[in-house]
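Comments concern the structure below.
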Amino acid sequence: MAKVLTSKEENYAQWYNDLVLKSGLAENSAVRGSMVIKPYGYAIWEKMKAELDRKFKETGHENAYFPLFIPKSFFSREAEHVEGFAKECAVVTHYRLKTDEKNGGLVVDPDAKLEEELIVRPTSETIIWNTYKNWVQSYRDLPILINQWANVVRWEMRTRLFLRTAEFLWQEGHTAHATREEAEKETMQMLRVYEEFAENFLAIPVIVGHKTESEKFAGAVDTLTIEALMQDGKALQAGTSHFLGQNFAKAFDVQFTNREGKLDHVWATSWGMTTRMIGALIMAHSDDNGLILPPRVAPIQVVIVPIYRGADEFPAIAEVANRIKAQLTALGISVKFDDRDTQKPGWKFAEYELKGVPVRLALGPRDIENGNVELARRDTLEKRVLPQEGIAQYIQELLEEIQESIYQKALTFRNKNTHKVDTWEELTDVLENKGGFALAHWDGTRESEDKIKKTKATIRCLPLNPEDESGKCVVSGKPSKRRVVIAKAY
RNA sequence: CGGGGUAUAGCGCAGCCCGGUAGCGCGCGUCGUUCGGGACGACGAGGUCGUGGGUUCAAAUCCCGCUACCCCGACCA
């Protein structure tokens, strides 16, 4: 088969880019740093949304929608928050265009300058807290448990499809609580939601933990993260959950009367997951033949490809194909019978491999004669000829097996690429030569962290539930009680 | 914002050094043979060579300006 992708061994970044374009997930748009998410890519996003949304509802949350534009003054109320986002904001300064009388064409009408500039939201904490202020008077109004599905804009210098685009889609949860404990519990609960989603739905094993002081979200007291390992040995932050303390409540003056009749500021959290997760999905599982999608997130779980010579051979094949399709559909499995006569079987095989469809069935005259069907697994590329009888049931179980097998493969990869290191030399060896996660002792100081950052790697997280183990910081040699995760990251 | 590069058909590129009226592969259309791993043949359609100026009998090609995009840094979900 003619390779359409660059090999990932040869050039991982090129492989990734090729794969996104050729599998039909997305393409670069005419707008700098933005992308067009094509129907197939969007279908994956919709499946992710549906699953997460279900989990959010289960945990008591509701969806709402807040404005795209945020007045600049809102933005500047929380000092760290401004600091963190100021350098990457798109700003609306005017509201009208006019015809240029000298040269023709359109120009911004200087008379239409806004009194106060509007920021295109890079995240919605400020506009939301400005709104919540009016919703909260008493402890009886709490908690507020709201999520929003939206687009946000961050004017990044360099962009990459799905991983870092100027505009991206995400969900952002923003909750308000009467007590610190409750807000902390919420932060942890949502982190666990993401963890479960990544591992069980996307089959991506993740390490959960706290960000360091310097890596946490601008304006947060504590940032929790899920960190995934990609096949090139780089880490990817795949979801975050922040405990915001009373920072935003104080900045936006959100107070309530508690049970004791005293005024207090509310406690806040925010948490988010983005279309970057699609990038993670691609880089965690796929190979040189294309995407490998875990069945739970695959928009098409089974494709049926007919093989026939003359048009007279087709009806008998179509009859069996449609029967199998109906049986699978009845089991809740999404099936496509690709009966186009404009592409040939070999072309279709390659195309669905590129698109990562977990199971492919091929039906030809030979199979019709023998009552068989050829089944091919995308993840292992293994092919088997099986009886048509009972095939739907078999596939239902097989899809579960594939889901698990993809997860196990990713887990094995991560374990193989996670190295305990005890000296600076061992750390730099992992970062420069081996790739993957380095587990190292760190003394907890900013100085040591900065020294680690000089290697272009970062402390990805301080894992939850670490094994207590005393050791010495790989930078300073000072005593440390536990290991942290260090890696180069996207 | 610093360094480098690119702009020629829907996509990927050659042509530029050495000026002479635009080419290749893929894709696309029609017809025929094919169809169990990205088929083959024949014919055909498709380009103001990013943009503005200059040099010249003549500019995709040489010179100057502008714009956009890409890559490497700093920043980031």
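So that the names make sense, note that chain A is the first sequence line, chain B the second, and so on, each numbered from 1.
The side-chain tip of A:R360 points at the ring of A:F349 from less than 6.0 angstrom away and within 45° of straight on. For A:K234 and A:Y490, the positive end sits near the middle of the six-membered ring, less than 6.0 Å away and at most 45° from its axis.
One N or O donor and one acceptor, one from the side chain of A:R164 and one from the base of B:C76, sit under 3.5 Å apart. On a pure distance criterion of 3.5 Å, no polar donor-acceptor pair joins the side chain of A:K456 and the base of B:G73. One donor-acceptor pair, N or O on each side, does fall under 3.5 Å between the base of B:G37 and the side chain of A:R360. No hydrogens or angles were tested; on distance alone, nothing pairs the side chain of A:Q343 with the base of B:G38 as donor and acceptor under 3.5 Å.
Between A:G33 and A:F217, the residue whose closest nucleotide on RNA chain B is further toward the 5' end is A:G33. The residue among A:A13 and A:K216 whose nearest nucleotide of RNA chain B lies closer to the 5′ end is A:A13.
Atoms NZ (A:K22) and P (B:G27) sit 12 Å apart, rounded to a whole Å. Per the geometry, NZ belonging to A:K87 stands 13 Å off P belonging to B:A74, to the nearest Å. If you take CE of A:M35 and P of B:C70, they are 14 Å apart, rounded to a whole angstrom. Between the CD atom of A:E156 and the P atom of B:C71 there is a distance of 14 Å, rounded to whole Å. Atoms CZ (A:F85) and C1' (B:C75) sit 12 Å apart, rounded to a whole Å. What separates CD1 of A:I317 from C1' of B:C35 is a distance of 11 Å, to the nearest Å. Going from atom CG of A:N28 over to atom C1' of B:C71 covers 13 Å, rounded to whole Å. As a whole-Å value, the separation of A:Y352 OH from B:G38 P is 17 Å.
Closest heavy-atom contact between A:F162 and A:T275: CD2-O, 3.6 Å.
Annotation for A:Q14: atom CD counts as buried by contact number, over 12 foreign heavy atoms lying within 6.0 Å.
Residue ring and base: A:F168 counts as stacked with B:A77 (centre distance below 5.5 Å, interplanar angle below 30°).
Close to B:A39, at under 4.0 Å from its OP1 or OP2, lies a side-chain N or O of A:K344. Side-chain nitrogen and oxygen atoms of A:R366 include none within less than 4.0 Å of the OP1 or OP2 phosphate oxygen of B:G36.
The listed nucleotides are B:A77, B:C35, B:G36; the one nearest the side chain of A:P365 is B:G36.
The closest donor-acceptor contact from the side chain of A:R154 to the backbone of A:P122 lies under 3.5 Å.
Pair check for B:A42 finds B:U30; Watson-Crick or G-U wobble, both atom distances under 3.5 Å. Across all strands shown, B:U6 forms a Watson-Crick or G-U wobble pair, both distances under 3.5 Å, with B:A68.
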